[in-house]
Amino acid sequence: MNEIAPTPPARHDFAAAEPRWQAEWEKRGVFAVPDVPPADARKYYVLEMFPYPSGKIHMGHVRNYTLGDVVARYKRARGHLVMHPMGWDAFGLPAENAARERGIHPGQWTYANIANMRAELKRMGLSLDWSREFATCDVAYYGQQQKLFLDFWKAGLVERKESWVNWDPVDGTVLANEQVIDGRGWRSGALVEKKKLSQWFLSITKYAPDLLEALGGLDRWPERVKLMQSNWIGRSEGARVRFKLAQPVDGTEEVEVFTTRPDTLFGMSFLAVAAEHPLAAAAAASNPAAAEFVAECRRMGTSEAAIEQAEKRGFDSGFRVKHPFNGREYPVWIANFVLMEYGTGAIFGCPAHDQRDLDFARKYGLSVTPVVLPPGADPASFAVGDVAYTDDGTIYNSDFLDGLAVPAAKRAVIDRLEGLGTGTGVVNWRLRDWGVSRQRYWGCPIPVIHCDDCGALPVPQDQLPVVLPDDVDFSKPGNPLDHHPSWKHVACPSCGKPARRETDTCDTFVDSSWYFARFCSPQAEPPVTREAVDAWLPVDQYIGGIEHAILHLLYSRFFTRAMQATGHLAVAEPFAGLFTQGMVQHESYKGADGRWLYPEEVEFGTAADGSRTATVKGTNEAVTIGRIEAMSKSKRNTIDPGAIIAKYGADTARWFILADNPPERDMEWTESGVAGAFRFTQRLFRLASNALPALPPAGTPAGEATGAARKLRQATHRTIAAVTEALESFAFNVAVARIHEFANAIGEAEAQAAAEGMGAARREALEMLARLSAPMMPHLAEELFSLLDPGRESLVAQMPWPEADPALLKAETVTLAVQVLGKLRATIEVAAGASEAEIFALAEAEENVQRAFAGKPVRKRIHVPGRVVNFVV
RNA sequence: GCGGGCGUGGCGAAAUGGUAGACGCGACGGACUCAAAAUCCGUUUCUGGCGACAGAGUGUCGGUUCGAGCCCGACCGCCCGCACCA
């Protein structure tokens, strides 16, 4: 052994190295791409959902942007020209809340947050083209959005309609669903009411059939997202049926319902209308009790979840309708579970074959008549108890439908209704038009002028953009744009008389419905440059949270169609590939008095029984360790990425967030996990620096190796193949595991440093270790490579992806599992080319296998090459 | 309530219908050290057995198959969305 004490192993100084490599990437412009790529370029557009600038990045962002960066760096190495931009979803409620609570202007608050978060993101070492950055609250962005709105209007895709909003009668403000808590306004505590307002809508329903059908072509989208969108669009075939009122109400003689079960029309026991339905209003006008019930329904707010979860209640309006076929009369109820927005706002109730109708009928003592007989049931005795029968069967108790199957009965009813002129077969969609009006300041102004004489007119092109005024007063409730002293007063562009600007601004979902197109030409004066969007769109890989599975993605799919219709771009689908990541979670902690504690306030120990204990740091106060749940400010179970990066470096944070879980699943952030990832970064550095004296110069080929060197070379090339496959399939946690195994193999090879050809094999292994981990730990990869090859020209970020040598992937022998009746009894090692007969003979010779036979004859032999042998006895 | 998803050791997990638990965390044991940290080596699904080995085991119950974590059905639990949070 060497008598001289070895120099202590050098440590990777991430704090110095990470900014150095970030500066180097920027200096060489490695991540910048042109608006219009060269003709021979293989473009690849990687995009993560852009962040709302809340103030600080959170772990969800770290996860999202790390995932995207791995894809971007990998695809770049595979020879693609990769566009990977970043921007800010910068309009929205929190900025107005900050303005009201702290007196800061929303714009000032937002841009300060952006500056902070941009610096935090830069410390992560993401391979972003920052020259494309914009915020949706930039006039340069929302001004172009106003042009899109007017183009859509011209193309017949914008409509003005009435709709209901949550109204806080004390604050005099429209509330977001999030601001309604248990039916009360979050600030005032007043009971929320529904209020009808005239608002702007984008006609997404015109594209409902296309949005549904085109889902079939999105082969790189998760099935569950497509299924959710499909259900949301909600195509259903059914019938509209008009019922005559026994007595006309306010001159109205009929009420129309939509049903998907026209076959059960003879099982009807009541008709129910929504509280917003004209018949409900008519009942309320003449009956104080009905008025009270309708008022109560209004207090439920507009959220569908709240409406459907509320106890099912109804009120008999006193009106009666006649059955279209037999003329029998049925009561008209006002029901809190009937949605005005769906179908016609009225249903007929058939309790025997619809669970909700059955619950309602039982509650109010309405009749229950079964009309669908389950197969094999006896018509004389079949009865419905507490469970409605919703499956197929044979129709009975139904006049001309008796004996028909359900589908035939549906057709027969529709034919008869159409013959009588009292109904039609229709396709109904659950999807509603997209209401984009918001009565708020911090959003894109809707470019419309209202004139008493000329109506609603577009703002003329030469008066665009309509810019938000800076001098706004948040001390008053309501929309600051509306009570601004001068902003809304303009001349009518048509007649010149005094007119008013639209004071509503756009839903922020509008901003995020075309930002991916804007990134292609972020400075363009038209909203997008055709050459740029035609070249770059669609986004090849889009990555974001599953919580956006429906709304954001559906609105974006609509927007590209609308932009296509108005000549702005060529594609219909914005995102060719979609990946939805899981959430980042952490344990939550509660102090003795029930207050939530931040993780850094808590100290851990071990109790006598081995369980974990926790106390408030520096005290003896007991802490309750709560559930592992999504990080949230209110539960204080957050970890600040900035602090983690400062303590361990960006590579460690990135590595840990990729290492432990499959990216689509929720992950738990643990301090010990991060520490483990940090140790691994140091281990890689040590492997390289320890090996350095034993390595031949850079560029030495590994050559035909034998013995230990060949074993290492096989490990190297198997790792190349395995990591490549894992990255291609988004199995980043598996890629990490393979690199761990590879590091173990390199570590084991240290003991055989003297073996023939080992120096070159180790050099190859370490260089590949750096290059394979580069998408995940880009700074360390550069650092390792500069250690191994100080004279090199290109950065790892510019190197092509390594290729595995097929000759080194082949195994000389394979291990087969030997089963008897499916139970493992032995394993055998056979040569790769062994014949089936040899394999069976070898397997049957195993002592354990013979014992398992227990003297019984073998009836069947199964051989799955490379895997398993199974004997059936 | 409706729609969608998930469930595997002490923990995070891996596994084209073919050896369940790779890899990591933690724990335990050992080496090094005056000591500690760091590092390195080993053990670690449960039960029985000194051991060879045997039995059980992927939320629960049932089914298909030579063979099921994986496919099918029912149930339980948790998570996401429900149109003005982003």
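Just so it is clear, the model here is predicted, and its values are computed rather than measured. Sequence lines set the chain letters: A, B, ... in the order given, protein chains first and strands last, and positions in each chain run from 1.
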Q | Any donor-acceptor N/O pair under 3.5 Å between B:rC2 base and A:Glu304 side chain | A | no

Q) Can you check B:rG29 for me, syn or anti if syn means within 90° of 0? A) anti

Q: Using a 4.0 Å heavy-atom cut-off across all strands, classify A:Ser437 as base, sugar-phosphate, or nothing.
A: base

Q) For the residue pair A:Trp655 and A:His740, does the interplanar ring angle fall in the parallel (under 30°), tilted (30 to 60°) or perpendicular (over 60°) class? A) tilted

Q) Is any side-chain nitrogen or oxygen of A:Asn733 closer than 4.0 Å to OP1 or OP2 of B:rA14? A) yes

Q: Quick one: sort the A:Phe558 and A:Trp434 rings into parallel, tilted or perpendicular, breaks at 30° and 60°.
A: perpendicular

Q: Look at the side chain of A:Asn870 and decide which nucleotide, out of B:rC84, B:rG18, B:rU39, has an atom nearest to it.
A: B:rG18

**Q.** Length of the line joining A:Asp666:CG and B:rA13:P, which is rounded to integer Å
**A.** 9 Å

Q: Using whole Å, report how far NE2 of A:His863 lies from P of B:rC66.
A: 19 Å

Q) In whole angstroms, how far is the P atom of B:rC80 from the CG atom of A:Leu554? A) 21 Å

Q) Which part of the nucleic acid, if any, lies within contact of A:Arg859, taking any heavy atom under 4.0 Å across all strands shown: a base, the sugar-phosphate backbone alone, or nothing? A) nothing

Q.
Are A:Phe50 and A:Thr136 packed together at the side-chain level, in the sense that at least one heavy-atom pair is separated by less than 4.5 angstrom?
A. yes

Q) Touch check for A:Pro51, heavy atoms < 4.0 angstrom, all strands: base, sugar-phosphate only, or nothing? A) nothing

**Q.** d(CZ, A:Phe730; C1', B:rA14) in whole Å
**A.** 19 Å

Q: Looking at every strand, decide which applies to A:Val165 at a 4.0 Å heavy-atom threshold: base, sugar-phosphate, or nothing.
A: base

**Q.** Span that lies between the C1' atom of B:rA27 and that of B:rU19, in whole angstrom
**A.** 27 Å

(Q) Rounded at 0.5 Å granularity, tell me how far CD in A:Gln439 sits from OG1 in A:Thr503. (A) 8.0 Å

Q: Mind checking A:Trp232 for me? I need base, sugar-phosphate or nothing, with any heavy atom below 4.0 Å counting as a touch.
A: base

Q.
I'd like to check A:Asp511 versus A:Tyr142 (side-chain heavy atoms, cut-off strictly below 4.5 Å). Are they in contact?
A. no

**Q.** Touch class at under 4.0 angstrom, heavy-atom based, for A:Asp89 against every strand present
**A.** sugar-phosphate

Q | 5′-ward residue of the pair A:Gln309/A:Arg683 relative to RNA chain B | A | A:Gln309

Q) Under 4.0 Å between a side-chain N or O of A:Arg665 and OP1 or OP2 of B:rA14? A) yes

Q.
Parallel, tilted or perpendicular, judged at 30° and 60°: which one describes the rings of A:Trp442 and A:Phe91?
A. perpendicular

Q | Distance in angstrom units between A:Glu311 CD and B:rC2 C1', rounded | A | 18 Å

Q | Side-chain donor-acceptor pair present, A:Asn97, A:Arg100, cut-off under 3.5 Å | A | no

(Q) Nearest whole Å is fine: how far is B:rC84 P from A:Leu551 CG? (A) 7 Å

Q: Name the nucleic acid region contacted by A:Gln179, choosing base, sugar-phosphate or nothing; use a 4.0 angstrom heavy-atom cut-off, strictly under.
A: nothing

Q: Let me know, please, whether A:Ala677 or A:Asp660 comes out on the 5' side of the other along RNA chain B by nearest nucleotide.
A: A:Asp660

Q: Give a yes or no on whether a donor-acceptor pair under 3.5 Å exists between the nucleobase atoms of B:rA22, that is its base, and the side chain of A:Arg738.
A: yes

Q. CE of A:Met228 versus C1' of B:rC2: gap in Å, rounded?
A. 14 Å

Q: Whenever both distances are under 3.5 Å in a Watson-Crick or G-U wobble pair, mark it; put RNA chain B into dot-bracket that way, with [ ] for crossing pairs and | when the partner is on another strand.
A: (((((((..(((.....[....)))((((((.......))))))((((....))))..(((((..]....))))))))))))....

Q) Going by an N to O cut-off under 4.0 Å, is there a salt bridge joining A:Glu664 and A:Arg224? A) no

(Q) Using a heavy-atom cut-off of 4.0 Å across all strands, would you classify A:Val734 as base, sugar-phosphate, or nothing? (A) sugar-phosphate

(Q) Parallel, tilted or perpendicular: which one describes the rings of A:His552 and A:His548, with boundaries at 30° and 60°? (A) perpendicular

Q. For A:Glu728, does the CD atom sit with more than 12 other heavy atoms under 6.0 Å from it, leaving out its own atoms?
A. yes

Q. With a 4.0 Å cut-off on heavy atoms, is A:Arg861 in touch with a base, just the backbone sugar-phosphate, or nothing at all?
A. nothing

Q: May I ask you to say what A:Ala549 touches in the nucleic acid, namely base, sugar-phosphate or nothing, with a heavy-atom cut-off under 4.0 Å?
A: nothing

Q: Would you indicate what A:Leu431 reaches in the nucleic acid, counting non-hydrogen atoms under 4.0 angstrom: base, sugar-phosphate, or nothing?
A: base

Q.
Just to be sure I understand the rule, does A:Leu227 reach a base, reach only the sugar-phosphate, or reach nothing, if contact means heavy atoms closer than 4.0 Å?
A. sugar-phosphate

(Q) Can you see if the side chain of A:Asn661 gets near the phosphate of B:rA13 - specifically, an N or O under 4.0 Å from OP1 or OP2? (A) yes

Q. Which part of the nucleic acid, if any, lies within reach of A:Phe509 when heavy atoms closer than 4.0 Å are counted: base, sugar-phosphate only, or nothing?
A. base

Q) Aromatic rings A:Phe678 and A:Phe14: how do their planes relate, parallel, tilted or perpendicular, breaks at 30° and 60°? A) perpendicular

So which protein nitrogen or oxygen atoms get under 3.5 Å of nucleotides 28-30 of chain B's nitrogens or oxygens?
none

(Q) Please classify the nucleic acid contact of A:Val225 as base, sugar-phosphate, or nothing, using heavy-atom distances under 4.0 Å. (A) nothing

Q: Give the rounded distance in Å between these two atoms: OH of A:Tyr342 and P of B:rG3.
A: 12 Å

Q: Might you work through the side chain to side chain donor-acceptor pair (under 3.5 Å) test for A:Glu829 and A:Thr815, ending with a clear yes or no?
A: CA-CA 5 Å; A:Glu829 190 90 359; A:Thr815 308; 2.9 Å; yes

